[in-house]
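Below: the structure, in structure tokens.
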Amino acid sequence: MNALTRRLRALLLAACGASALLAALPARAAADLAATPPMGWNSWNHFAEKIDDATVRAQADAMVSSGMRDAGYVYVNIDDTWEGERDAAGVIHPNAKFPDMKALADYVHAKGLKLGLYSSPGPKTCAGYAGSGGHEEQDARTYAEWGIDYLKYDLCSLGEQLDKVSPPEARSIMRAAYMKMHSALRKTGRPIVFSLCQYGYDSVWHWGAGVGGNAWRTTGDITDSYDRMAEIGFGQAGLSPYAGPGHWNDPDMLEVGNGGMKPEEYRTHMSLWALLSAPLLAGNDLTRMSPETIAMLTHRDIIAIDQDKAGHQGDRVSSEGQLEIWAKRMADGSQVVALFNRSDIYNEIRVDFRKLGYRRPVKAHDVWANKDMGPLPLDYRAIVMGHDVILLRIR
Ligand code: GLA
């Protein structure tokens with residue numbers, strides 16, 4: 001927050017109280033909180049319910065020792081199944097797997113990292129644990145007291161209630177539920193990234209930022225398979241207008257390193273997520289990574305594409321059967337162009353650089369091959385292997 005915003009905040013607070021402040025400054029604050037897509041790790045894809053305090057500490061340790069922290073990964077996010085019982089006053093406590101959430105947050109913070117949690121707007125989370133419905137302000141205060149920096153808020157059981165009402169009613173209940181938690185988080189005064197998870201219902205990209213979302217899931221859950229990853233990733237075509245600093249489309253967490261895809265398929269996964277300006281939340285076991293997995297997750301050029309400060313999400317430029325060309329405009333005026341081959345066998349992909357705004361042969365850096373390419377003709381052809389990608393940064 002700059003000096004002017006701080007001054008405005010103080011004036012508004014003095015004049016009209018916190019609610020006017022919430023209404024007046026959401027966009028600015030959101031941009032401060034998630035100026036570039038959040039980066040970190042989340043427990044769900046690999047550990048699901050087998051997550052506990054010791055495992056989270058080990059992941060935080062590994063995030064540092066692997067070089068991931070230095071590459072930009074910050075959030076250590078505990079997904080579903082940490083929740084315990086509410087006490088007589090309604091205060092939520094973690095279950096036995098997490099004996100002391102504040103101590104865990106302190107541990108994570110001491111490493112220069114941040115801690116994230118998960119909850120739901122209904123009575124229950126997706127895994128059947130206690131949700132925040134009816135306890136929003138109380139829970140937000142508890143999270144702030146523990147030192148939580150990120151909240152994934154997953155529709156789950158509230159979704160079942162929405163099935164019983166008319167679509168317009170369902171829409172307003174859902175939006176109000178997200179807005180309520182956003183206001184509760186803001187009221188704590190602690191900067192907490194707010195990540196909406198409702199699988200893209202009701203075209204959330206149209207209204208996610210309006211209810212305070214720093215990111216919103218655009219789809220159902222990813223799995224560690226090329227088909228599902230590709231279905232989700234390539235399915236993001238057309239969503240680029242809705243993302244920008246402070247508010248991002250979220251095609252779900254990464255599967256890199258979980259073992260279900262081939263190297264070229266994980267390359268496609270990373271390339272797409274970076275082009276999509278997607279949150280980069282690793283979903284593997286960081287304590288058991290091959291050098292190849294570490295290299296892929298910490299690839300400097302890929303992270304620079306994802307984290308570009310202009311925040312122009314990339315999009316599909318053209319497709320011909322299973323061959324697709326995507327591009328992303330970068331802050332420095334360069335452009336990232338990806339040649340994706342979604343088929344099983346190698347194919348020639350043709351790029352007409354004129355359609356991407358070029359008039360002369362282009363100089364490119366091949367990101368995955370890490371080599372500079374001499375001037376490429378305006379009518380460029382390249383062989384791309386099955387399920388693989390050629391990713392070019394054009395200067
Ligand atoms: C939903 C979400 C997942 C995960 C689980 C936890 O399925 O989409 O990302 O959070 O709930 O129960």
Side-chain angles (χ1 to χ4, degrees), residues 34 37-52 55-56 59 75-84 92 94-95 97-98 101 115-133 139 143 148-163 174 177-178 181 185 192-205 208 211 213-225 227-229 231-233 235-236 239 248-258 260 269 273 276 278-286:
M39 288 178 67
W41 169 88
N42 174 295
S43 57
W44 188 255
N45 283 358
H46 187 86
F47 294 96
E49 71 284 353
K50 293 193 190 69
I51 187 69
D52 56 17
T55 307
V56 173
Q59 299 300 311
Y75 294 98
V76 176
N77 291 349
I78 306 168
D79 207 278
D80 204 353
T81 81
W82 64 266
E83 309 87 343
I92 187 83
N95 58 40
K97 297 190 296 172
F98 292 92
M101 202 57 97
L115 189 66
L117 272 191
Y118 165 102
S119 192
S120 298
K124 295 274 179 226
T125 68
C126 287
Y129 288 71
S132 291
D139 285 0
Y143 303 155
I148 298 302
D149 307 291
Y150 188 114
L151 179 68
K152 171 174 170 183
Y153 207 45
D154 192 352
L155 189 65
C156 300
S157 60
L158 186 67
E160 289 153 27
Q161 296 176 18
L162 301 183
D163 290 342
M174 182 166 54
Y178 279 101
M181 184 49 99
L185 293 174
I192 299 176
V193 170
F194 189 39
S195 163
L196 275 49
C197 178
Q198 45 79 284
Y199 340 113
Y201 288 156
D202 191 23
S203 305
V204 62
W205 41 91
V211 297
N214 296 115
W216 46 82
R217 278 271 297 278
T218 52
T219 71
D221 292 10
I222 196 169
T223 60
D224 189 17
S225 77
D227 286 346
R228 181 62 179 149
M229 180 281 293
E231 179 186 12
I232 288 181
Q236 303 299 297
L239 295 189
W248 307 100
N249 289 308
D250 175 5
D252 208 358
M253 301 161 304
L254 297 170
E255 292 283 6
V256 173
N258 279 332
H269 187 12
W273 264 237
L276 292 168
L280 294 181
L281 296 171
N284 57 320
D285 180 353
L286 305 184

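Note that these values count all heavy atoms, side chains included, but never hydrogens, waters or copies made by symmetry. Residue numbers start at 1 and run along the sequence shown. Counting starts at 1 for both ligands and their atoms, in listed order.
Set against the non-hydrogen atoms of Tyr199, the atoms of ligand 1 under 4.0 Å away are 8 (O). Short contacts between ligand 1 and Lys152, defined as distances under 4.0 Å to a heavy atom of the residue, involve ligand atoms 3 (C), 4 (C), 9 (O), 10 (O). Heavy-atom proximity to Ala127, at under 4.0 Å, picks out these atoms of ligand 1: 12 (O). The contact set between ligand 1 and Cys126, taken as ligand atoms under 4.0 Å from a residue heavy atom, comprises 1 (C), 11 (O), 12 (O).
The backbone N or O of Gly200 sits nowhere less than 3.5 Å from a side-chain atom of Thr218 that would complete a donor-acceptor pair. The closest donor-acceptor contact from the side chain of Gln236 to the backbone of Ile232 lies under 3.5 Å.
Looking only at side-chain heavy atoms (C-beta outward), Val256 and Asn284 stay at 4.5 Å or farther from each other. At a threshold of 4.5 Å between non-hydrogen side-chain atoms, the residues Trp44 and Thr81 count as touching. Looking only at side-chain heavy atoms (C-beta outward), Leu162 and Tyr201 stay at 4.5 Å or farther from each other.
With hydrogens left out, the protein atom closest to atom 1 (C) of ligand 1 is Asp154 OD2, 3.0 Å, a heavy atom. Of all protein heavy atoms, the one closest to atom 12 (O) of ligand 1 is Asp80 OD2, 2.8 Å. Ranking protein heavy atoms by distance to atom 7 (O) of ligand 1, first place goes to Asp221 OD2, 2.7 Å. In terms of protein heavy-atom proximity, atom 10 (O) of ligand 1 is nearest to Asp79 OD1, 2.6 Å. Ranking protein heavy atoms by distance to atom 5 (C) of ligand 1, first place goes to Trp44 CE2, 3.6 Å.
Aromatic ring pairs are classed by plane angle as parallel below 30°, tilted from 30° to 60° and perpendicular above 60°; the pair Trp41 and Phe47 is perpendicular. Using the six-membered ring where Trp is involved, Tyr143 and Trp82 have ring planes that are perpendicular, over 60° apart on the 30 and 60° scheme.
At a heavy-atom cutoff of 4.0 Å, ligand 1 is contacted by the side chain of Cys197 but not by its backbone.
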